[in-house]
Amino acid sequence: MTLSLNISNLFNDSSTHALVDELRKRNTEESILEFEKKFNTKNEKNLHIYICRFLKNRSISRALASKWLITMINDKESKIKFLEN
C-alpha cells in the first residue's frame, strides 16, 4: 500500500492505518527523521500532533510513540544547541 503523505482527514481509517504502518516500518533514526521532514512539508499539522492523537486513541503502542517522539525531540534539541553555539 502506498502512503499519501497528505492526510487531510486524520480519522479516515485507511489513511490512519497507512500512517501507523509507515511509523512501524521505520527503524532507524535517519529514516524516522527523513519521514518526519517529508510528512511535515506536505501536511498542515506536524507529525508529532498525529502521533500524540494516535497515542491518545490507543492506535499505536506507547513504545512506538515514545521512540518516534524521542527521536524527533532529540533532533530538535541538537539543532537548537547547534544554533546557540
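A quick note: this is a predicted structure, and the numbers were derived from the prediction, not measured.
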Note to self: Measuring only between side-chain heavy atoms, which start at C-beta, is Trp68 closer than 4.5 Å to Phe35?
What the structure shows: yes

Next item on the list: Determine, step by step, whether Met72 and Ile51 satisfy the side-chain contact (heavy atoms from CB on, under 4.5 Å) criterion, reporting the C-alpha distance in whole Å, the side-chain angles of both residues, the deciding distance to 0.1 Å, and the verdict.
Entry: CA-CA 11 Å; Met72 293 187 297; Ile51 292 173; 3.6 Å; yes

Note to self: For the SG atom of Cys52 and the CD1 atom of Ile60, what is their distance to the nearest 0.5 Å?
What the structure shows: 8.5 Å

Notebook entry, point to check: Do other residues, nucleotides or ligands put more than 12 heavy atoms under 6.0 Å from Lys76 NZ?
Noted result: yes

Checklist line | Residue among Lys38, Lys37, Glu30 satisfying side chain to side chain contact (heavy atoms under 4.5 Å, CB included) with Glu34 | finding: Lys38

Check: Rounded to the nearest 0.5 Å, how far apart are OG of Ser59 and CZ of Arg53?
Finding: 11.5 Å

Next item on the list: Quick one: pull up OG1 in Thr71 and CD in Glu36 and give me the separation to the nearest 0.5 Å.
Entry: 9.5 Å

Check: Would you say Lys67 and Asn27 make side-chain contact, with heavy atoms under 4.5 Å?
Finding: yes

Notebook entry, point to check: With side chains defined as the heavy atoms from C-beta onward, is the minimum distance between Leu47 and Leu19 less than 4.5 Å?
Noted result: yes

Notebook entry, point to check: Any idea which heavy atoms bring Asn40 and Lys45 closest together, and the distance?
Noted result: OD1-O, 4.4 Å

Notebook entry, point to check: Hey, are the side chains of Phe54 and Leu23 touching, using non-hydrogen atoms and a 4.5 Å cut-off?
Noted result: yes

Check: Do you know the tightest heavy-atom contact between Leu55 and Ser61?
Finding: CD1-O, 4.1 Å

Checklist line | Heavy-atom check, side chain of Ser66 versus side chain of Leu69, under 4.5 Å | finding: no

Check: Less than 4.5 Å apart, any side-chain heavy atom of Ile32 and any of Thr28?
Finding: no

Next item on the list: Would you please test Asp21 and Lys25 for salt bridge (charged side-chain N to carboxylate O under 4.0 Å, His left out) and show each step?
Entry: CA-CA 6 Å; Asp21 288 343; Lys25 272 196 262 182; over 6 Å; no

Next item on the list: For the pair Glu77 and Lys81, find out whether any cationic side-chain nitrogen is under 4.0 Å from an anionic carboxylate oxygen.
Entry: no

Checklist line | Asn43 side-chain N/O to Phe39 backbone N/O, donor-acceptor pair under 3.5 Å | finding: yes

